[in-house]
Structure formats: C-alpha cells, structure tokens
Amino acid sequence: MAVASATTLFFPPLPTSSNQPHHRHRRLDAFTLRPSSISTPNFLPQLPFSLNSSPIPRRRRFSAEASIGDSESGGSTSTSDDDGLVGEDAAVFNLSEQKLASWAYFTVILGVVLFVLNVVWIDNSAGGVGKAFVDAISGLSDSHEVVMLALIFIFAVVHSGLASLRDQGEKLVGERAFRVLFAGVSLPLAVSTVVYFINHRYDGVQLWQLHSIPGLHQLVWLSSFISFFFLYPSTFNLLEVAAVDKPKMHLWETGIMRITRHPQMVGQVIWCLAHTVWIGNSVAVAASIGLIGHHLFGVWNGDRRLAKRYGADFEAVKRRTSVVPFAAILDGRQKLPDDYYKEFIRLPYLSITALTIGAYLAHPLMQAASFRLHW
C-alpha cells in the first residue's frame, strides 16, 4: 500500500504545445474507533452520511488504532457476522469521532516534514543534496531515458525493499518509528524522480504527435482524473500515514477494492498510458515502463505480504476479488450490495476529488518550481 504515497505525486497534464436498498445504520459491533480514543466536541454537528459515513457490517471486525497518546494495544476480533466480509470497510470517516489534538499534531508533523525536506533535499542554496543526487545519477549516461529508468529503479528498490522488511522493522523499532524511517527515505527519492520527469519530459525522441486529435486532451484529463481514485486508497488513514495513529497494514475489502484488489497498480497504469499518449516521446515511454514494472512487482509483493499477515482471511478476500478491474464482478465471485454506491460517497473520496482538481490547476506552479531546481 505504500507505493501510492510516492508515485501519485505525478499529476494530470495541462494542454501543451508540441514544443513543450436503504442506508445501513451503524451497529455497535461495526468498525469503529475505540472508546478511549473518541473525543466528541460539543460544537461538532452530526453530519449526513456523506461525511459521517457508517461502516459496512462484516464477519471479522477490525479496530482502528488509537490516536496519539492513547493505548498502544491493537488487533482484530474474530467474532462472526452473516455477510461474509472478513476485511475492513474502506474510507470510513466519522467527523464527530475525530480528535482535534490528533489533527493539530498531524498539521505540525506535515509542516516539519516539508520544512526538513526542503532544507535537506530540495533547496540547493541551503545545502540540499537532491541536486547532487540527481547529478550523480545523470552522470551514468547522457540518455534521459536511462537516467529516468535509473531513478525509478532506485526508488522502487528502496520503497519496495523497506515495505518487504516492514514486519521485521516494526518488531525492532516499533510501528511509528519504522513509518518515519520509511517515509524519510522514500519521499526524497520520489521527489527527485518527479522533478526529473517534469524537467525532461520533452527531451526525448518524439515518437508520435497526437495533440491535434479532437477530444484527446479531454480524454487524457478524464483518464488521469479517474486514475487518482485508484491511486489513493493507502492514504485513507492520513493519521496513520503521518504516524499520529499507530500504522497498520490494512486488509481493505469494500469500495474500490471490489473493482480491483490492487488499485494503486491500476491507477498507475491508467496514468502512465494517458500521459504517454499525450507526450508521445521516449522519456514518457521509459517512465511508464519503469513505473508500471514497479507496480506489477507490487501486485505480487503486496499479495505475499498480506497472505503472511492475514492468512485465511486474505485468501478469502483474494477468492472474491481480482487484479484485473471488474473481472471478479463479471464472473460472479464479487457480489455487489444494492447500495454499493454509498461506499464512495464518503469524505476521503470527496477529498481526492478536490485535491486532484487542485493539482491539475497547480500544474504551472509545479512546472515552474521544478525548472528552478535545474535537476
């Protein structure tokens, strides 16, 4: 699940010239925060289900990890229900159950991380080493395609390697410390790869030029927009991403997971195909080959890690889901509930919509910032 945290820094393209039944009510035994971690401010209203989304009941119920300062104990229960779900209900977010202190802590952590990343890696004038790293990799070859593949390969080895060592690392240093290590190493490498792609995306050999085809830009934009709904499931628990809540390896089973068991891979393939068609040169092809290859490895590695962690529960989820989008639905292994659409009318998905549109509008700023780095 960690893959999306890096590759989703690529955004949909701007136009560029060729030169450049009824709603289920929440049950007491459904997926919920522990009472010790719930703090309900009296000024927060009970919002409709689009924000305060009720979870889907399931046979095996998982408890959310406690917020910062609460109990470190966690785990899952094993009592049964009749609907046959063994995994977690994805994208559940109840505003009234959030701790304001946790989100304040998240904001502080985010600010500190961005500041340190800028000073240590990005800002050349402040001694950031990101430029030196990119220059060193660029020295391997005069080919931008080779350098692009090398940057992706380095990121993939570090990112997937640390993900594979998660069980051992968490036992050694704890869940939160390992998450800090994982992000601290992966994020700078992801930034370098993204910036290099932005700065050199038009430096390769032009293989085709399709910008004049009516409707192509709209198709590319729509495809890129859709890709982000597949790319972001690992960020549903932002407090865990920032280690405010104790990070947990989740076995999701609702929402986008009904369509494909590996949404990050599907989203990355959609994004890569859309951008490669639009840019149409050898650098875009090289970047797509590297990113898609990394995510195909992630399919195997992700299943392996989930099988090791969840055993029979994962095998049950695997039997009724598919890697290929919609395959399990079409062959009848995945039974969609009548109110399936409600699994998407939730705050995390609404947030993805807003952030994706914002990222699209911010393309000129990102391109200008990348150019000033001279990577």
Query raised in the report: Do side-chain atoms of Asn199 reach the backbone of Phe371 as a donor and acceptor pair under 3.5 angstrom?
Result: yes
Report task. Give a yes or no on this: more than 12 heavy atoms of other residues, nucleotides or ligands lie within 6.0 Å of atom OH of Tyr340. Result -> yes
Requested in this report: Keeping the roles fixed (side chain from Arg176, backbone from Ala243), state whether a donor-acceptor pair exists under 3.5 Å.
Outcome: yes
Report task. Could you verify whether a donor N or O on one side chain and an acceptor N or O on the other, from Thr254 and Asp89, lie under 3.5 Å apart? Result -> yes
Query raised in the report: Closest heavy-atom contact between Phe178 and Leu162?
Result: CZ-O, 3.2 Å
Requested in this report: Working to the nearest 0.5 Å, report the span between CG of Leu210 and CD1 of Ile213.
Outcome: 4.5 Å
Query raised in the report: Between OG1 of Thr276 and CG of Leu291, what distance do you get to the nearest 0.5 Å?
Result: 9.0 Å
Report summary line: Between the CD atom in Glu240 and the CZ atom in Phe106, the distance rounded to the nearest 0.5 Å is 12.0 Å
Requested in this report: Could you check if a side-chain atom of Asp167 sits within less than 4.5 angstrom of a side-chain atom of Lys308, using non-hydrogen atoms only?
Outcome: yes
Query raised in the report: Are Met257 and Thr321 side-chain neighbours, meaning at least one heavy-atom pair lies under 4.5 Å?
Result: no
Query raised in the report: Checking side chain to side chain contact (heavy atoms under 4.5 Å, CB included) against Ser192, which of Trp375, Phe197, Phe155 comes through?
Result: Trp375
Query - Salt-bridge contact Arg320-Glu315 (side-chain N to carboxylate O under 4.0 Å) - result: no
Query raised in the report: Can Thr193 and Met148 be said to form a side-chain contact (heavy atoms from CB on, under 4.5 Å), step by step?
Result: CA-CA 7 Å; Thr193 306; Met148 187 78 256; 3.6 Å; yes
Query raised in the report: Which pairs pass salt bridge (Lys or Arg N to Asp or Glu O under 4.0 Å) with one or both residues in residues 121-131, sequence neighbours excluded?
Result: Lys131-Asp135
Requested in this report: Apply side-chain contact (heavy atoms from CB on, under 4.5 Å) to Trp103 and Leu239, showing your working.
Outcome: CA-CA 8 Å; Trp103 286 102; Leu239 295 180; 3.9 Å; yes
Query raised in the report: Do Phe230 and Gln268 have side chains that get closer than 4.5 Å, going by heavy atoms?
Result: no
Query - Heavy-atom pair with the smallest gap, counting every atom of Gly87 and Val317 - result: N-CG2, 4.4 Å
Report summary line: Of all heavy-atom pairs linking Ile279 and Gln206, the shortest is O-NE2, 2.8 Å
Query raised in the report: With distance as the sole criterion, is a donor-acceptor pair present between the side chains of His211 and Gln209 under 3.5 Å?
Result: yes
**Report entry** More than 12 heavy atoms of other groups within 6.0 Å of Asp142 CG
**Finding:** no
Requested in this report: State whether Arg258 and Glu253 are salt-bridged, where the test is any N-O pair (Lys NZ or Arg NE/NH1/NH2 against Asp/Glu carboxylate O) under 4.0 Å.
Outcome: no
Report task. Measure the spacing between OG of Ser322 and CD1 of Ile329 and express it to the nearest 0.5 Å. Result -> 7.0 Å
Requested in this report: Please confirm whether Trp121 and Phe133 have ring centers closer than 6.0 angstrom.
Outcome: yes
Query raised in the report: What are the two closest non-hydrogen atoms of Glu145 and Gly204, and how far apart are they?
Result: OE2-CA, 3.7 Å
Query raised in the report: Between His217 and Trp221, is the ring centre distance below 6.0 Å?
Result: no
Report task. Kindly indicate, with the supporting measurements, whether the criterion side-chain contact (heavy atoms from CB on, under 4.5 Å) is fulfilled by Arg333 and Arg319. Result -> CA-CA 7 Å; Arg333 289 183 290 122; Arg319 282 193 299 270; 5.7 Å; no
Query - Shared hydrophobic cluster, Val112 / Val180 (ILVMFWY, side-chain heavy atoms < 4.5 Å) - result: no
**Report entry** Interatomic distance, Thr356 atom OG1 to Phe228 atom CZ [nearest 0.5 angstrom]
**Finding:** 5.5 Å
Report task. With rounding to the nearest 0.5 Å, note down the distance linking NE2 in His275 to OG in Ser224. Result -> 4.5 Å
Query raised in the report: Taking 4.0 angstrom as the limit, do Asp245 and Lys99 come out as a salt bridge?
Result: no
Requested in this report: Kindly indicate, with the supporting measurements, whether the criterion side-chain contact (heavy atoms from CB on, under 4.5 Å) is fulfilled by Phe229 and Thr353.
Outcome: CA-CA 8 Å; Phe229 286 90; Thr353 301; 3.1 Å; yes
Requested in this report: Please name the pair of heavy atoms, one in Leu373 and one in Ile122, separated by the smallest distance, quoted to 0.1 Å.
Outcome: CD2-O, 3.4 Å
Report task. Establish, yes or no, whether a centroid distance under 6.0 Å links the rings of Phe153 and His294. Result -> no
Report task. Please report the shortest heavy-atom distance between Val244 and Tyr105, naming the atom on each side. Result -> CG2-CD2, 3.7 Å
Requested in this report: Using a strict 4.0 Å threshold on nitrogen-to-oxygen distance, state whether Arg261 and Asp303 make a salt bridge.
Outcome: yes
